[in-house]
Amino acid sequence: MQGQAQQQAYDRGITIFSPDGRLYQVEYAREAVKRGTASVGVRTEDGVVLAADKRSRSPLMEPTSVEKIHKADDHAGIASAGHVADARQLIDFARRQAQVNRLRYGEAVGIETLTKNVTDHIQQYTQVGGARPFGVALLIGGIENGEPRLYETDPSGTPYEWKAVSIGADRSDIQEYLEENYEDDLTLDEGVGLALRAIASANEDELESSGVDVATVSGDTEAFVELDNDGIADYIAENDLEPAEDEDESDE
Amino acid sequence: MQGQAQQQAYDRGITIFSPDGRLYQVEYAREAVKRGTASVGVRTEDGVVLAADKRSRSPLMEPTSVEKIHKADDHAGIASAGHVADARQLIDFARRQAQVNRLRYGEAVGIETLTKNVTDHIQQYTQVGGARPFGVALLIGGIENGEPRLYETDPSGTPYEWKAVSIGADRSDIQEYLEENYEDDLTLDEGVGLALRAIASANEDELESSGVDVATVSGDTEAFVELDNDGIADYIAENDLEPAEDEDESDE
Amino acid sequence: MQGQAQQQAYDRGITIFSPDGRLYQVEYAREAVKRGTASVGVRTEDGVVLAADKRSRSPLMEPTSVEKIHKADDHAGIASAGHVADARQLIDFARRQAQVNRLRYGEAVGIETLTKNVTDHIQQYTQVGGARPFGVALLIGGIENGEPRLYETDPSGTPYEWKAVSIGADRSDIQEYLEENYEDDLTLDEGVGLALRAIASANEDELESSGVDVATVSGDTEAFVELDNDGIADYIAENDLEPAEDEDESDE
Amino acid sequence: MQGQAQQQAYDRGITIFSPDGRLYQVEYAREAVKRGTASVGVRTEDGVVLAADKRSRSPLMEPTSVEKIHKADDHAGIASAGHVADARQLIDFARRQAQVNRLRYGEAVGIETLTKNVTDHIQQYTQVGGARPFGVALLIGGIENGEPRLYETDPSGTPYEWKAVSIGADRSDIQEYLEENYEDDLTLDEGVGLALRAIASANEDELESSGVDVATVSGDTEAFVELDNDGIADYIAENDLEPAEDEDESDE
Amino acid sequence: MQGQAQQQAYDRGITIFSPDGRLYQVEYAREAVKRGTASVGVRTEDGVVLAADKRSRSPLMEPTSVEKIHKADDHAGIASAGHVADARQLIDFARRQAQVNRLRYGEAVGIETLTKNVTDHIQQYTQVGGARPFGVALLIGGIENGEPRLYETDPSGTPYEWKAVSIGADRSDIQEYLEENYEDDLTLDEGVGLALRAIASANEDELESSGVDVATVSGDTEAFVELDNDGIADYIAENDLEPAEDEDESDE
Amino acid sequence: MQGQAQQQAYDRGITIFSPDGRLYQVEYAREAVKRGTASVGVRTEDGVVLAADKRSRSPLMEPTSVEKIHKADDHAGIASAGHVADARQLIDFARRQAQVNRLRYGEAVGIETLTKNVTDHIQQYTQVGGARPFGVALLIGGIENGEPRLYETDPSGTPYEWKAVSIGADRSDIQEYLEENYEDDLTLDEGVGLALRAIASANEDELESSGVDVATVSGDTEAFVELDNDGIADYIAENDLEPAEDEDESDE
Amino acid sequence: MQGQAQQQAYDRGITIFSPDGRLYQVEYAREAVKRGTASVGVRTEDGVVLAADKRSRSPLMEPTSVEKIHKADDHAGIASAGHVADARQLIDFARRQAQVNRLRYGEAVGIETLTKNVTDHIQQYTQVGGARPFGVALLIGGIENGEPRLYETDPSGTPYEWKAVSIGADRSDIQEYLEENYEDDLTLDEGVGLALRAIASANEDELESSGVDVATVSGDTEAFVELDNDGIADYIAENDLEPAEDEDESDE
């Protein structure tokens, strides 16, 4: 009860420090991230994998409209978890930064530079009054100087680089799965499999092809590619993640 | 009692996160949507149907003045549920976006693009201080590249694409009706019938022609068309939704 | 007690949603409308009638200074109920819109267009911070394309079209009277009588000519005309609404 | 106790509606008016009288420095009651409006127009945040098209036209006196007498010439004239309002 | 206890009305004036006297640095009481107004005009949000059209004209002394004596020359003149206000 | 307990008056001054001395980095006590004012003028909202027209001139020491001694040369000079203020 | 409990003083610094050492992405502790200041000047409303005029110069270690060793090369150099800080 009263004092108006040096609005925004379905990124020697759990809430909703993976530039993609409308703002911001880089310097923006552009933008919303923080985390993956790179942005505006990482619901379980199963010499194909199995590990080891988005940026092509339904289904079958027969969700 | 006190802490001033990562003002705006009468959208192979329940509160009120379906552009319409005055703002915004697209690119705006213009606008009102969120949901339907498309916008600024969807009062009941009765190979005519029966399903299976608005955008004509009273009456009769004799509401 | 505490939370600063999706400041503004004396509008086949109860608080106050009906343009009038000073702001706004329309398009503004200009203006005061909503409802009546039109604006910024409607004090009683006595084939003269009898129905069926304002816009002349004291007295006499002898309020 | 808590909720920040549709800050500003000494206006067939009670708080204060009646233009005067510093702001505003009218249209501003300019200005301070309402009421009297006119402005920004009216302390008593003694065929001289007797009616029927200001605008001259001490003393003597002998306040 | 809670409600944010029509922030600013040492003004037939009690808090403080009387223009001076830093702002404002008047009209600003420029400036700080009122009262004295004039400004922004007046600590005692001893036919010299005796009346009838400032504006010279230490000592001696021998404050 | 609740009411948002006419934020800023180590100024016939206690919190901290005395211009220095970061802002402000004076008038700024520029700047932060007051006091000393001058600025923005003064921790003790030991005919050398002994009087009569800063502006050179470590050590030795042997703080 | 209530009063809105003269938001920001892992700076005769503890939270996180030491300019580096996203803002600010200095004056910015540019920027966020303070401390080290310099900035905006200093977690323990082991005649190599041993002293005297960042600016080269993994491993081995065998963290 008392802890609650204490917390309420830090929720009003602008984002300010609590007596123990925390920014509650940023921590609450992290809770908003956890409320979103999981996205997973895996960096392999051949390229980067982005995968997202996007189970639809209704059989009449178009699965494709639940967009959790976006192309940021030819050589870079972004997966999100958390507040969907906030994600769109940041992804638009990232795209504009990538375009500006091409116009200004005549070359593709570096993945690290792109990430830090985004996190600096996020940070402003945690320090200056008049707005709330962004309730979303992003995975930014792509090829920079021929090397696969995978970054995370969190609601505080801190950038992290990962070999493999999960954001959103069940983060601790999925991250544990990744830590136990990640190997440095994965191929891109194996990376897709690992990402799907990691997501499935929190879903009773089952996935439907319409319930996940998968995209890759390979080091060879340096091109962002979204897998189609059949492609995803193949990976699901290869990894023995097909759902058991179930008459309730058989449409489409 | 305590839960109430907790909620009150998040209602004041700008829209901020609660400790569990929710935006209460956005959730309350969703309640404002539920306070509005239902609107239904149905996407068929031939085109898109928008239908809206607009039962008048007084026999002296002009039914036509309760506008729940609007033309957004030649090839697109919008149905709303929730705070009427807020809906007008968003519909004006959508119309201006459609006009700007025609002027700038010399072609009709895509339904998805139009929807995302609107949801990005809505999102701003949930993050930046000095205003409240919009208390309204929209259904945006039309033809894009010859294909029927149907989108929903909610008060958080998230876009969803649907085969068939209900917003406003009795959403869960009507949506359940749609899920049970929607088929992928509906004709546009059958779509109108489904929409009307879905609305009627929450009204003791009765409708008056003056109590609903119906509009379609067919894939052939790519033209937004509002049905007149007689047209609607025909559909009501075909679908056996005519109200039983009742002397209280016999005027007009 | 608890309900009170709950309401107080929504009164401060800007207009925001309550947990059940209501805008309390807008609802309180509706209470301000109910605190004003009644205005009534009646649409007939020949034209539109606006009538307003304006009983003065003192025998020394000039009845003409209690202005409840105003000319908006040659072909349109506005009656108000609620906060008088707020009404003046909206009526000035409407007049400027009508003038702008004449200057820009060389023709009289449509009654529906004029109404929606006003309601969009009202809506802004319910969404953007830094000001309170308008505490007034308006009846906007006039001729558009030869047809009589009668609209209501409320503090939320919603436009409604009516055959006959009452705003302000005793709305439910007067509206019930209108519903019971309105007929579609009223003449303009009969419309004036209905409006006066409706106001009188909440005043022990008595009216003084100095205690009401009446104005009409006939379809023939398309001209806003305010009735003088004698004209009103004649209608009062015709409709048997003359007050019983009473020595307390006999001056002027 | 509880009522108090309820009221406090409406006192903070900007002027907002209470649950019963009232604007407490405006009502409190009316209390500020009542805290000021009375001013009275009387409209006669020959012209308008403004009179103000300005009993000084100290024998060393210059009575002339307690200015409660001001010239607004050649043909118009203003008397105030309430917060003196606020009155000065509104009177300056009125003077500028009168000057602007002369410059723009080459003629004297109408008394009604002048009044409504002032009340529209007052209204803004009751709706838009960042300032408090004006704590003052004004009587604006003058000649318009040869006719005497007398208006009142209140803190809500509502204009009223009167035959005779009192603002400030003891309003209800003085207004009752005016209602009982006002006659339509008063001469301007009789109007001055009525105004002084009305003020004296709340002061044990006594007045000192240095304790009141009196000004008139006659229909003949259309000129604002302030009476000097002797002139006022004559009226006091004629109306038997001379104070009984009293040695405490005999200076000057 | 309860009264306290009530008052607190009016202290926050901008200056607003209390339920009984008072502006608490202005009244609290008056308390700030009372916390300052007294200043006295006396108007005589020959000119105006300003005198100020400026007892230093430490023997090492330069008495001249406690500035309570300032030259506003050649023909006008200002004495203050209350918040010293606020006084400096208003005196700078007054000086600029006086300079502007000379530049614009080629003549000395009238004392009344100067006073009202200052009070209008003060009033703004009591009505518009974002700042607190000025916690200072001023006495503005000088010669206007050959006549001595003496004005007071208070924290509400109200101007008062006086024959003799006291502001700051012990106002009621000193004002009572002035009322009992002021005579209309005082010479300027006698005015200085009265001012000093009035200040001394609240100090056990003793004054040190370094503990008061005295300035005069005589009608002959129309020049603001500050008395030096010897001059003040002479007046103190003439008026028998010399302190009894006291070894604690004998320095300088 | 109750006093606490009362105080809290005046701490929020902008600086406002308390019921007894005090500005709590300014008084709290004075507490911030007391939290800083002491600075002392002494004015002698030959020049001005500024001395500051700057005991370091750690043997590894560079004593020179605890800057408490700064050059403001060739002929003027500033010592501070209180919030160090705030002091830097005011000192930069003073330096810019001094430079502007040289550029604009081709001569050194007067010490009094410089002080009042600073105090006017400070005052703004106590009246206008959106910022807190400065939590620092300054001593501004220098030569003006050949005469040594010594001023203090406090958080309210009031300027005081002193013969000798202390700000910061132990003010009342050190000021008492100054009052008992100051003499009007001190030489500059004696002034340095007095300043150091005054600081030491609150430190068990001991000082380390690295624990104080000393600067002088002599009337002859009109030049601000900071003493080096050896110079200070000489004065410490001359005045018998050397610390007793102590093994804990023997480094450097 | 009561202390808590008291503190809450100072947390809301802008940064203001508490009754005892403290700025709670600044103190809470200092807590945010303590929540970050430690950074250590050591100034030697040959140059400056910056070292940072950056233990990763997951074996899959790239250690290089936890950036705690940054190059500010050729001759200067910055280590941080606390809120990472805030650190990035200040480091970007410092870099721009260094660039501006080169452009404007054609030479490298001084370390002291650079530090004070940063602290002045930090101070603004503690005084002016609308933003929170920076929750980060910095160590700014480099060569100025051939001399090694090491500065700390804290959340209040105060600059300190140090011989050796620790910021972030375990500050008091690490600082105690530095005080006991620092010697004035350290070589740069010995300085690196001291910095690493100081960090390890709070980590059971163990370090992994991937868990610390080390950079130096030597007086000879005047160049900022970051040590690579092997270089760090050598220093760890030389200083006997290698972790005992532990199977949990054996990857990479």
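The chains referred to below are lettered A, B, ... by the order of the sequence lines, with proteins before strands, and numbering in each begins at 1. Everything numeric in this text was worked out from a predicted model, so none of it was measured.
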Could you look at D/Glu112 and say if it's the side chain, the backbone, both or neither that has a heavy atom under 4.5 Å from chain C? side chain

Structural part of C/Glu67 lying under 4.5 Å from a heavy atom of chain D: side chain

Side chain / backbone / both / neither for D/Tyr182 at chain C, heavy atoms under 4.5 Å: side chain

Heavy-atom distance under 4.5 Å to chain C: side chain of D/Leu150, backbone, both or neither? neither

Of all pairs that satisfy ring pair (Phe, Tyr, Trp, His ring centres under 6.0 Å), the ones with a partner from residues 84-104 of chain C, not counting sequence neighbours: C/Phe93-C/His121

Could you pull out all residues at least two apart from C/Asp120 that satisfy salt bridge (Lys or Arg N to Asp or Glu O under 4.0 Å)? B/Arg88

Would you check if the side chain of C/Lys34 reaches a backbone N or O of C/Arg171 as a donor-acceptor pair within less than 3.5 Å? no

With distance as the sole criterion, is a donor-acceptor pair present between the side chains of C/Ser58 and D/Glu179 under 3.5 Å? yes

If you count heavy-atom pairs under 4.5 Å between each of D/Arg22, D/Gln175, D/Lys116 and chain C, which one has the most? D/Lys116

When you check the side-chain N and O atoms of C/Arg132 and D/Thr126, is any donor under 3.5 Å from an acceptor? yes

Is chain D contacted by the side chain of C/Asp92, its backbone, both, or neither, given a heavy-atom distance below 4.5 Å? side chain

Using non-hydrogen atoms only, which part of D/Thr119 is less than 4.5 Å away from chain C: side chain, backbone, both, or neither? side chain

Please examine the side chains of D/Phe134 and D/Val118, heavy atoms only from C-beta on, and report whether any two atoms are closer than 4.5 Å. no

